[in-house]
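For reference, the structure discussed in these notes is given below.
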Amino acid sequence: MALAFYNTLTRRKEPFIPLNPDCVGMYVCGPTVYDSAHIGNARPIIVFDVLYRLLKRLYPAVTYVRNITDVDDKINARARENGEPIAALTARTTAQFHADIAALNALPPDVEPRATAHIAQMIALIESLIAKGHAYAAEGHVLFSVPSMPDYGQLSRRNQEEMIAGARVEVAPYKRDPADFVLWKPSTDDLPGWDSPWGRGRPGWHIECSAMSREYLGVTFDIHGGGQDLVFPHHENEMAQSICANGRPFARYWLHNGYLMVEGEKMSKSLGNFFTVRDLLGQAPGEAIRLAMLAAHYHQPFDWTADGLRQARMGLDRMYLALRAVAGIPAEDRDQVPLDVMAALEDDLNTPLAISHLHEIATRLNKAVTDEEKAKWKGALLASGDVLGVLQQDVEAWFRWAPEGKDGLSDAEIDRLVAARIEARQTRNFAEADRIRKELADQGIQLEDGAGAPPGGGGGGAALRHWGMGRRRVPIPPHASFPMLPTAPPPPVRALSGPWRQGCLPRRQVPACPCRP
RNA sequence: GGCCGGGUGGCAGAGUGGCUAUGCAGAGGACUGCAAAUCCUUGUACGUCGGUUCGAUUCCGGCCUCGGCCUCCA
């Protein structure tokens with residue numbers, strides 16, 4: 001099946017034909033670094049990470065650019081509240097963002113440019129817009145002239161009358177047209193600012209993405225992604241700026257993930273259903289959070305629930321159990337993603353369908369009798385996990401996950417109890433055996449009696465052996481107690497899988513790629 | 001008000017003009033000292049009213065309902 005996406009620009013699902021099949025370019029709006037990432041922020045990160053993984057399998061090279069917005073009035077306001085220097089706030093928040101999403105198995109983008117490192121490019125873009133009659137300076141501001149672009153509004157499908165009718169903000173006096181938006185605004189001495197032809201100031205919200213996408217992907221590139229809430233005004237304006245400045249088309253495929261709700265309600269701090277990624281990482285493994293997020297199609301609205309997280313975790317339990325049962329058998333075709341999984345993902349990133357195929361593969365793996373079959377389905381499951389970004393960890397590590405501060409019994413204690421239970425079973429003292437099992441269960445250790453020898457040797461009597469340490473499952477608290485473990489400290493995040501680039505790379509360090517200008 | 005996207009079985013969630021989604025939960029069975037896990041079998045679906053059609057959950061229209069966005073900011 002050919003790769004196809006629902007393109008917001010055309011409101012249709014279209015076959016994906018890259019500008020240059022040797023290198024696909026992809027830009028996704030990244031975070032404004034003033035606060036911890038919440039689950040609403042995590043959705044585009046995870047969705048477009050799957051897209052990135054998919055594209056990397058389909059094309060020889062992909063350049064994935066995801067910006068860091070480190071100049072913004074929200075940042076200024078937060079720094080003032082905290083009494084913290086802006087640079088410290090943005091650096092701290094950026095580092096936490098990286099750690100959080102690495103725990104969700106999000107791969108680092110190829111380029112992660114910071115807005116403050118691209119002010120010169122933004123100024124150049126604005127000058128070009130002024131020169132072409134698409135922007136004007138007024139009272140220290142520079143504004144984009146919406147009437148100068150007859151096609152304005154194509155992405156969000158709205159016309160200017162509608163926007164004026166719906167405007168809920170007073171129109172600034174320096175605007176020639178109510179729809180005009182800010183490219184550059186003046187900064188007072190206490191605010192971040194850069195010298196410009198229009199005096200000391202700072203960029204408007206939209207211009208950074210126009211400048212940075214052009215810098216790293218060229219004026220016309222393949223895919224632009226982001227949350228649906230960015231379609232208007234951010235992406236509409238970004239597109240307008242870029243098209244008017246460059247005189248050429250901008251992004252060719254616009255992909256937007258649906259909005260996110262929590263337990264059926266809009267997420268908000270006032271409703272008490274606001275969760276950061278870090279909160280959730282204290283309650284469930286990152287992969288469970290990731291799979292929960294992928295359980296719905298990216299384009300659909302997503303309702304984040306404690307039960308959904310629990311089900312995702314159980315689903316991964318099932319897959320990891322299937323893998324554990326074939327731990328001693330090498331996987332075959334480890335890198336070959338099964339066709340049905342690929343077909344699902346190529347069809348506009350249908351992750352729920354892909355996940356259903358993972359379950360089917362797990363079933364086949366469980367049913368496999370011969371080593372050949374086991375090797376084949378093990379490889380199929382692992383390869384499928386790779387493209388979705390799950391099943392990435394050691395099987396035993398998965399089952400030993402525990403929330404921070406809830407380590408419970410030590411391995412030595414568990415071994416002692418397991419040995420005592422084996423002895424009780426051998427003497428047919430089942431009451432004692434069950435008591436010990438319950439004791440372990442109360443500590444989150446689930447013992448399973450298997451017929452085979454435990455991995456790594458050792459073990460008990462015939463037909464009375466246990467496997468490994470048993471499964472460590474710490475139950476997620478029930479629905480009603482959501483938010484869960486609100487005071488749990490942040491968990492340690494695993495080592496980053498690759499070097500995160502600090503800020504903007506000098507151009508020469510960007511991976512050589514034909515799609516760059 | 002305008003634009004956009006939803007409403008599928010107990011739950012989550014795909015998909016399709018007529019043929020099993022998948023997982024969890026439920027029921028029965030195999031296995032087990034008992035469990036757990038695993039495997040087998042199995043039940044309950046497509047908001048509403050019309051239209052098109054031999055036939056619609058699937059296409060079209062109305063309605064009801066849920067939600068997002070409607071700028072220079074917060």
Side-chain angles (χ1 to χ4, degrees), chain A residues 6 8 11 72-74 77 141-144 146 153 155-159 161-172 174-175 178-185 204-207 227-237 256 258-261 264-266 291-292 294-297 299-305 307-319 321-322 324-325 344 347 350-369 424-425 428-431 433-434 437-438 441 446-451 463-464 466-467 470-471 473 479:
Chain A
Y6 180 87
T8 305
R11 304 285 152 95
D72 181 277
D73 287 351
K74 287 194 286 286
H141 294 72
V142 182
L143 293 117
F144 181 89
V146 169
L155 183 66
S156 57
R157 301 270 168 119
R158 59 188 79 204
N159 61 47
E161 293 77 53
E162 286 164 5
M163 284 182 288
I164 295 164
R168 52 177 177 172
V169 177
E170 292 296 311
V171 176
Y174 45 79
K175 283 189 182 181
D180 293 350
F181 57 88
V182 167
L183 300 171
W184 188 264
K185 52 189 165 187
W205 176 23
H206 318 297
I207 196 70
Q228 203 171 57
D229 53 331
L230 296 179
V231 173
F232 190 89
H234 184 237
H235 288 162
E236 189 72 71
N237 291 348
H256 290 99
Y259 51 84
L260 184 138
M261 296 190 298
E265 291 182 301
K266 184 176 179 178
L291 195 74
L294 295 173
H297 187 92
H299 202 250
Q300 299 292 97
F302 184 81
D303 191 14
W304 179 269
T305 62
D307 192 55
L309 178 57
R310 185 184 62 78
Q311 289 210 19
R313 185 157 174 207
M314 286 169 63
L316 284 168
D317 270 348
R318 184 169 182 267
M319 295 177 204
L321 273 174
R324 177 191 253 181
D347 183 15
N350 192 337
T351 54
L353 189 58
I355 292 167
S356 80
H357 293 318
L358 260 70
H359 277 292
E360 286 163 351
I361 293 166
T363 300
R364 288 178 185 264
L365 179 56
N366 282 329
K367 288 165 72 171
V369 177
R425 291 182 69 198
R428 303 195 70 76
N429 183 356
F430 294 122
D434 291 347
R437 182 163 57 200
K438 181 165 188 318
Q446 183 171 320
L447 274 193
E448 295 173 20
D449 298 323
L464 293 172
H466 70 97
W467 285 11
R471 298 164 60 191
R473 286 170 128 178
H479 208 213

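Keep in mind that this is a model prediction, so the values were computed, not measured. Every chain is numbered from 1, with letters handed out A, B, ... down the list of sequences.
Using a 30° and 60° split on the angle between ring planes, A:His234 and A:Trp205 fall in the parallel class, below 30°.
Distance A:Leu155 CG to B:rC70 C1': 14 Å, rounded to the nearest Å. Atom CG of A:Asp303 and atom P of B:rG7 are 13 Å apart (whole Å). Note: CG (A:Leu365) to C1' (B:rC39) measures 13 Å, nearest angstrom. Here B:rU32 presents its C1' atom at 12 Å from CZ of A:Arg428, a figure rounded to the nearest Å. Distance, A:Arg11 CZ to B:rC69 C1': 11 Å, rounded to whole Å. Rounded to whole Å, the distance from CD on A:Gln300 to C1' on B:rC4 is 13 Å. One can place NE2 of A:His206 at 13 Å from C1' of B:rC69, the figure rounded to the nearest angstrom. Straight-line distance from the CG atom of A:Asp72 to the C1' atom of B:rC73: 9 Å, rounded to whole Å.
Nearest to the side-chain atoms of A:Lys185 among the listed nucleotides B:rC70, B:rC34, B:rC73 stands B:rC73. Distances from the side chain of A:Asn350 to the nucleotides B:rA35, B:rC11, B:rA14 place B:rA14 closest.
By the salt bridge (charged side-chain N to carboxylate O under 4.0 Å, His left out) test, A:Lys74 is found to be paired with A:Asp72, residues two or more places apart in sequence or in another chain being considered.
For RNA chain B, the stems formed by at least three consecutive Watson-Crick or G-U pairs, with both atom-pair distances below 3.5 Å, span B:1-7 with B:64-70, B:10-12 with B:22-24, B:26-30 with B:38-42, B:47-51 with B:59-63.
Among the heavy atoms of the strands, none lies under 4.0 Å from A:His141.
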Each nucleotide of nucleotides 20-26 of chain B classed B (base within 4.0 Å of a protein heavy atom), S (only sugar-phosphate) or -, in 5' to 3' order, makes -BSBSS-
